[in-house]
Amino acid sequence: MSAAQRLDEARGLLAEHPVVDGHNDLPWALRMGSPRPEDGGKVRYDLARRDIAQDQSAHLHTDIPRLRAGGVGAQFWSVYVRSDYAGDEAVSATLEQIDVVAQLIDRYPGDLVRALTADDMEGARADGRIASLMGAEGGHSINNSLATLRALYRLGVRYMTLTHNDTIDWADSATDEPRHGGLTGFGREVVREMNRVGMLVDLSHVAATTMRDALAVSAAPVIFSHSSARAVCDHPRNIPDDVLALLPANGGVAMATFVPKFILPAAVEWTLAADENLRSHGFHHLDTTPAAMALHRAFEARRPRPVANAATVADHLDHMRAVAGIDHIGIGGDYDGTAFTPSGLDDVAGYPNLIAELLDRGWSKADLAKLTWSNAVRALRDAESVARGLAETRGPSNAVIPPVP
Amino acid sequence: MADLQDEPHSVGIGAEYLPAPAVPAVPAAPAVPAAPAVPAAPAVPAALPCALDRAAALLSVHPVADGCNTLVWTLRQSPYHDIGTPDAGVDTDIPRLRAGGVGAQFWSLLVPSGRPGGAAAADRVVSDTLEQIDVALTLVRDYPDSLLLGLTADDMADARNRNRIASFLGPVPGRTLTDSLGALRAFHALGVRILAPAGAPWAQDGLTAFGHEVVKEANRLAVLLDLTDCPPATACQVAGASKAPVIISNTAAAALNPHPGNVTDEVLLALRAADGLAMVTFDPARTGDSLHAVADHVDHVRAVAGPNAVGLGAAFGSEPGSPRPAGLTDPSGYPKLIAELLERGWPEADLALLTWGNAQRVLRDAEFTSRAAQHRRSSP
């Protein structure tokens with residue numbers, strides 16, 4: 001079968017079993033997206049200027065035509081806020097991110113539809129619209145308050161990543177100094193409360209110790225909204241095999257991400273060197289000011305950036321499938337949350353290339369339908385079912401972190 | 001339209017359809033449900049010997065829509081209170097709300113200033129408010145046969161027809177909004193319908209540009225602005241800037257008692273001009289410590305702001321220890337105040353506005369303004 005035929009087959013498959021993508025940072029990209037000087041940089045979310053009904057490939061990985069071309073049927077929009085935000089600033093910014101998702105859904109009613117449940121996801125698929133769910137990225141968004149967690153749920157948030165890049169008061173992050181050895185007592189209570197209300201526990205970004213603690217506590221399936229396999233590429237953002245092996249018993253889903261600096265070993269090294277280059281010139285390694293970008297371009301000219309592709313992602317999925325099983329894997333691209341993307345998976349239109357690669361590797365249509373659609377829908381449905389059961393036996397938790405004496 | 005349906009049980013229908021009054025029915029009860037169209041009959045006192053009976057009968061048709069109760073904060077401190085039963089540990093419970101003829105309650109979500117926690121608490125205004133909302137929603141959910149979440153003026157009528165207490169969430173503090181309106185829309189989505197600008201940086205010395213934006217967005221969402229504790233100049237400015245009526249959910253007349261929390265005649269006149277609503281509190285520090293003193297303030301507000309701009313906002317909801325005017329120590333006292341006003345010669349039509357009609361009209365006007373605004377304005 002020719003490559004073109006494979007791609008057609010992939011597109012046909014996605015028409016029936018579209019992609020549920022676990023993580024897309026369009027809300028943050030819209031928040032930050034080039035404010036006009038005449039607004040003094042004060043207007044966030046200029047939705048008219050970044051009209052995603054039109055081609056936005058000059059500015060964004062994501063727009064509706066490309067989501068359609070990519071066969072996306074459900075998207076968890078990340079309502080991420082920076083992990084150096086704390087207290088009210090983190091909560092307010094999260095509310096704003098939730099608000100902009102509502103504005104997007106209102107603005108494009110023919111293409112996006114609010115989804116709060118697994119049934120809503122199936123309804124959207126039957127309707128031919130893109131089910132729009134929300135995920136919060138980091139426990140800093142709830143400011144150590146379980147009532148705030150419940151407010152996020154009521155506002156439509158259906159997963160929360162326990163940490164972002166920084167360790168917080170109750171959970172260790174994969175990319176920061178550990179302070180707790182995983183989850184604290186309050187952290188375990190957060191997981192229990194998420195189970196009770198029906199919010200999925202997302203273990204991307206957290207330390208492996210936190211993953212194991214959360215899996216031990218959670219009565220509902222967990223997800224990894226955008227993480228790949230550590231055995232394939234040894235980066236702390238990826239999932240160790242012993243954790244992947246816990247997913248069948250838990251019922252959870254690990255959604256492979258496309259971020260080159262996490263999935264391609266050569267890119268991991270290259271990124272370390274590039275970050276060091278910026279730091280050695282006195283910049284923060286995530287700085288995107290013109291001066292920093294100029295330095296970065298010079299570095300890239302000296303040392304070409306290694307490029308990942310669909311096969312890189314497929315390598316991870318093959319491994320994750322072997323360890324966790326076909327019922328426990330999914331896709332979480334992290335589009336608009338990463339500067340670089342793999343070749344062939346350059347933007348949200350790229351998913352058919354990944355499916356074609358997996359068809360080439362002998363994945364069956366039934367397997368691919370699980371990967372793209374049904375595993376993620378099942379995880380949410382199971383979390384809803386667990387919540388119904390728990391709500392009969394427990395009221396809302398009002399636990400707090402005990403003040404330090 | 002819907003307005004016509006607000007009064008189906010009070011106009012042209014016999015008293016047998018009315019909710020049972022809290023006191024034994026009196027023979028002349030059918031005369032009580034005086035619609036505003038019926039001229040106040042000075043002859044009525046002869047037919048109704050006891051003002052308290054008349055007050056109770058009136059409240060059974062035109063219940064109290066009270067503008068302020070701080071029970072939510074009290075429950076957050078002491079979650080063990082069970083307000084389903086007479087609870088001596090707090091001044092508000094459902095039996096006393098029922099006995100007092102309360103049919104709608106605005107549950108304040110403000111957090112007292114000077115609470116413990118210091119600097120840590122200062123960075124928790126938004127979370128604190130979300131916690132308050134959570135407690136209020138839990139309260140409404142826990143007493144479904146008595147409380148009904150109120151989101152619209154229709155819900156007020158609906159709650160009355162179903163013998164529930166319409167429970168409106170708010171105000172939330174304006175200082176939760178720092179430089180964007182996303183949080184206001186989130187509060188609205190969670191059920192909040194009232195916002196208090198007092199203490200917000202955008203409403204300190206008059207409205208800032210952002211403050212004007214907050215007012216517009218509150219209008220667009222049909223969130224009422226509660227000007228309690230705003231400086232007079234700011235209050236007048238907000239009343240003028242708002243396209244929907246504004247309220248002062250708990251106050252008293254500065255002309256009678258120059259307490260800093262009391263409202264000046266200038267502001268009362270601004271409310272009158274803006275079809276707003278000043279709701280009189282039962283706080284002895286602000287009104288004086290007797291039922292008569294409270295009635296004097298209600299009289300004054302009606303005289304200056306007009307019968308369409310006066311309401312009640314007692315600010316019950318505390319644990320024992322808060323001073324209260326004699327006779328008005330808990331929500332069961334409203335009939336006594338209404339009886340006092342009847343004896344002072346208030347027409348029943350004005351009393352019906354005081355207890356219920358003005359609050360419902362303000363909510364309805366806000367919704368009308370909101371629908372009109374949404375034609376003109378999408379989310380900023």
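Residue numbers begin at 1 in each chain, while the letters A, B, ... track the order of the sequences.
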Let me know if A/A90 has heavy atoms under 4.5 Å from chain B in its side chain, its backbone, both or neither. neither
How about A/Y85 and A/H164: does a side-chain donor come under 3.5 Å of a side-chain acceptor? no
Would you mind checking which part of B/L137 comes under 4.5 Å of any heavy atom in chain A, side chain (CB onward), backbone (N, CA, C, O), both or neither? side chain
Just so I understand: if I count every heavy-atom pair under 4.5 Å between each of A/L152, A/L155, A/V91 and chain B, which residue has the most? A/L155
Is B/T129 in contact with chain A via its backbone, its side chain, both, or neither, using a 4.5 Å heavy-atom distance? neither
Sidechain N-carboxylate O distance under 4.0 Å for B/D179, A/R44: yes
Assess whether a salt bridge exists between B/D134 and A/R154, defined as any Lys/Arg side-chain N lying under 4.0 Å from an Asp/Glu carboxylate O. yes
Residue pair A/S173 / A/V206, side-chain heavy-atom distance below 4.5 Å: no
